[in-house]
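Heads up, the thing below is written out as structure tokens.
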Amino acid sequence: MSFELVDYHHPRLGFRLPLPPDWEQRSDPYEGVALVAVIPAGDYGFRTNVVVTLDEVPEVDLSVWQFSAAQLLEQGLVEFVLLDEEYVEIGGRAAVRRLGHHTVGDDAVTIEQWAVLDQGVGYTLTASTDTWVYDHAADLLTAIASGFRPGDPVAS
Amino acid sequence: MTQVVFEPDTGRLRLDRATFDTLADWAAGNETAGPAMGDLRATGVIDVGRPHSAVAAGLDAVTHPACLLRADLHQRDGDAETGEVWVSRRPAAGLLLPLPDGMAEFITMGPTFLPVVVARFVELGPRPRLPAGPVPAGEELLAALTTADPRGRDAAVAELARDAPDESTRQAVTAVGPELQRDWCTCATWTAPGGDRVGRILRVLDTTAGLWLARPQRDPTAQAETIWPTTPTTVWRYLTGLLPDDDELG
């Protein structure tokens, strides 16, 4: 399945990922959040979105970093259920992919998360969508995550 | 003697099956005499001739269902449980789920939460990936494969292994016998615009080595022919697409 996607390049941190051209984008909207990209407002109350966060994780491997990240999901999200977890590759780098479900207000939300380490920086790409539309959104979210490339802050 | 436990603040309703049937009959306008009606009134489930607001939408789904959903779960130790769901066009859903003590819980919720309720019910979660391909498996073989009788299961596994297309798949299906933890089937049915009764069905064999998908079919009356190795993510996609869209309803 192919999608119309355009390259997003973070102006300060240098990472890249493909996004639908009509999605709203905000770089560095909050402390610790590098990117929020959101589908245009439509019929559904909960808008599908992708969030990229960065952590400094020196001298820690992917499994150690992600062990604590998994615990944070369970502690931080309402009625969180872990549905799937696997090791994958993104741009030739080992990554962890997770699928889960949680409640946001009155909405049932499916969350899909990819985490990749590069040069002591942990990148987490979190996609959230109304559970009702997950089956329609899943391939697009995978395409976005598959195109993610870590950045080089010095060179950018 | 009936048992009804109702928490009006949360809408949590625990009751036995016979009392639930009495409540459903009353909601449909067929009141029957008996102690169950007294308990339903005494606990506030029925409040001045109306269903309590916390259960009203769920009961409306029971009496005016646009879609019926059933989930059957068979554990390796022989335990079997069935969950029933009624979905209305409002949209709202009423769920009747078994409890360990033999009672049942009636839950009123938005249908968008149904996939996660089914996922919890069948214990969907992370599983290893099976290095295998699809294997022919008809209904009889599936029934033997999931029987509590170890000898019947061994015979079914041997037959599956004979038809495996490669060595990796042969090893994977051979492991189904000792590693099957549970198998489950969930089926949604509704009336299509033309008046036909249609639906979608999903059957999964859950083993410690990974998941097998047996019936991801649009026709719930179709016979199983093949089992495919699958992942929790694929199963979740089927679960989120199990209920009909508005244009599929008659």
Side-chain angles (χ1 to χ4, degrees), chain A residues 1 42-48 63 66-67 69-71 73-74 77-89 94-115 127-143 145-146, chain B residues 10-12 57 67 69 85 87 90-93 95 107-131 184 188 200 202 204 206 209-211 213 216 218 229-248:
Chain A
M1 190 173 287
D43 294 338
Y44 285 94
F46 187 89
R47 296 164 64 186
T48 300
S63 60
Q66 283 304 296
F67 179 74
Q71 291 180 318
L73 282 177
E74 301 216 359
L77 299 180
V78 177
E79 297 176 342
F80 179 74
V81 178
L82 181 63
L83 297 166
D84 200 4
E85 188 172 54
E86 62 175 337
Y87 280 88
V88 296
E89 272 196 8
V96 169
R97 173 186 160 275
R98 277 191 198 90
L99 181 74
H101 188 277
H102 66 120
T103 300
V104 178
D106 293 332
D107 293 319
V109 174
T110 294
I111 181 174
E112 195 161 10
Q113 193 173 74
W114 292 262
S128 301
T129 188
D130 190 310
T131 291
W132 213 239
V133 301
Y134 174 70
D135 187 39
H136 301 291
D139 291 331
L140 169 63
L141 301 179
T142 298
S146 299
Chain B
T10 62
R12 185 179 163 93
C67 172
L69 188 146
V85 183
V87 184
R90 287 179 74 166
L95 291 74
I107 304 165
T108 295
M109 62 168 46
T112 189
F113 283 93
L114 285 179
V116 77
V117 170
V118 174
R120 285 182 190 273
F121 183 63
V122 302
E123 302 174 54
L124 183 65
R127 299 288 186 276
R129 268 47 179 171
L130 287 162
W184 54 271
R200 285 191 272 274
L202 178 65
V204 172
D206 187 352
L211 299 174
L213 196 58
R218 296 189 69 84
T230 191
T231 68
T233 295
T234 299
V235 170
W236 179 249
R237 290 184 68 163
Y238 278 119
L239 284 178
T240 61
L242 202 59
L243 294 183
D245 293 328
D246 287 346
D247 60 3
E248 293 180 277

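Only heavy atoms go into these numbers, but all of them, side chains included; no hydrogens, no water, no symmetry mates. So that the names make sense, note that chain A is the first sequence line, chain B the second, and so on, each numbered from 1.
- Listed by chain and number, the residues in a side-chain contact (heavy atoms from CB on, under 4.5 Å) with B:Thr231 are A:Asp84, B:Arg129, B:Thr233, B:Thr234 (sequence neighbours excluded).
- Contacts between B:Leu243 and chain A at a heavy-atom distance below 4.5 Å involve the side chain alone, from C-beta outward.
- The CG atom of A:Asp135 sits 9.0 Å away from atom OH of B:Tyr238, with the distance rounded to the nearest 0.5 Å.
- For the atom pair B:Thr240 OG1 and A:His101 NE2, the distance stands at 9.5 Å (nearest 0.5 Å).
- Only the side chain of A:Leu99 comes within contact range of chain B, judged by heavy atoms closer than 4.5 Å.
- Counting non-hydrogen atoms of neighbouring residues, nucleotides and ligands closer than 6.0 angstrom, the CG atom of B:Asp246 reaches no more than 12 such neighbours.
- If you measure heavy-atom distances from A:Arg97 to chain B, the contacts under 4.5 Å come from the side chain alone.
- Atom-to-atom distance recorded for B:Phe113:CZ and A:Glu79:CD is 7.0 Å, nearest 0.5 angstrom.
- Rounded to the nearest 0.5 angstrom, A:His136 NE2 and B:Arg237 CZ are separated by 9.5 Å.
- B:Trp236 approaches A:Leu83 most closely through the heavy-atom pair CD2-CD1, 3.5 Å.
- Within 6.0 Å of the OH atom in A:Tyr87, the count of heavy atoms belonging to other residues, nucleotides or ligands exceeds 12.
- When each of B:Ala119, B:Gly125, B:Pro128, B:Pro126 is checked for heavy-atom pairs under 4.5 Å with chain A, B:Pro126 comes out on top.
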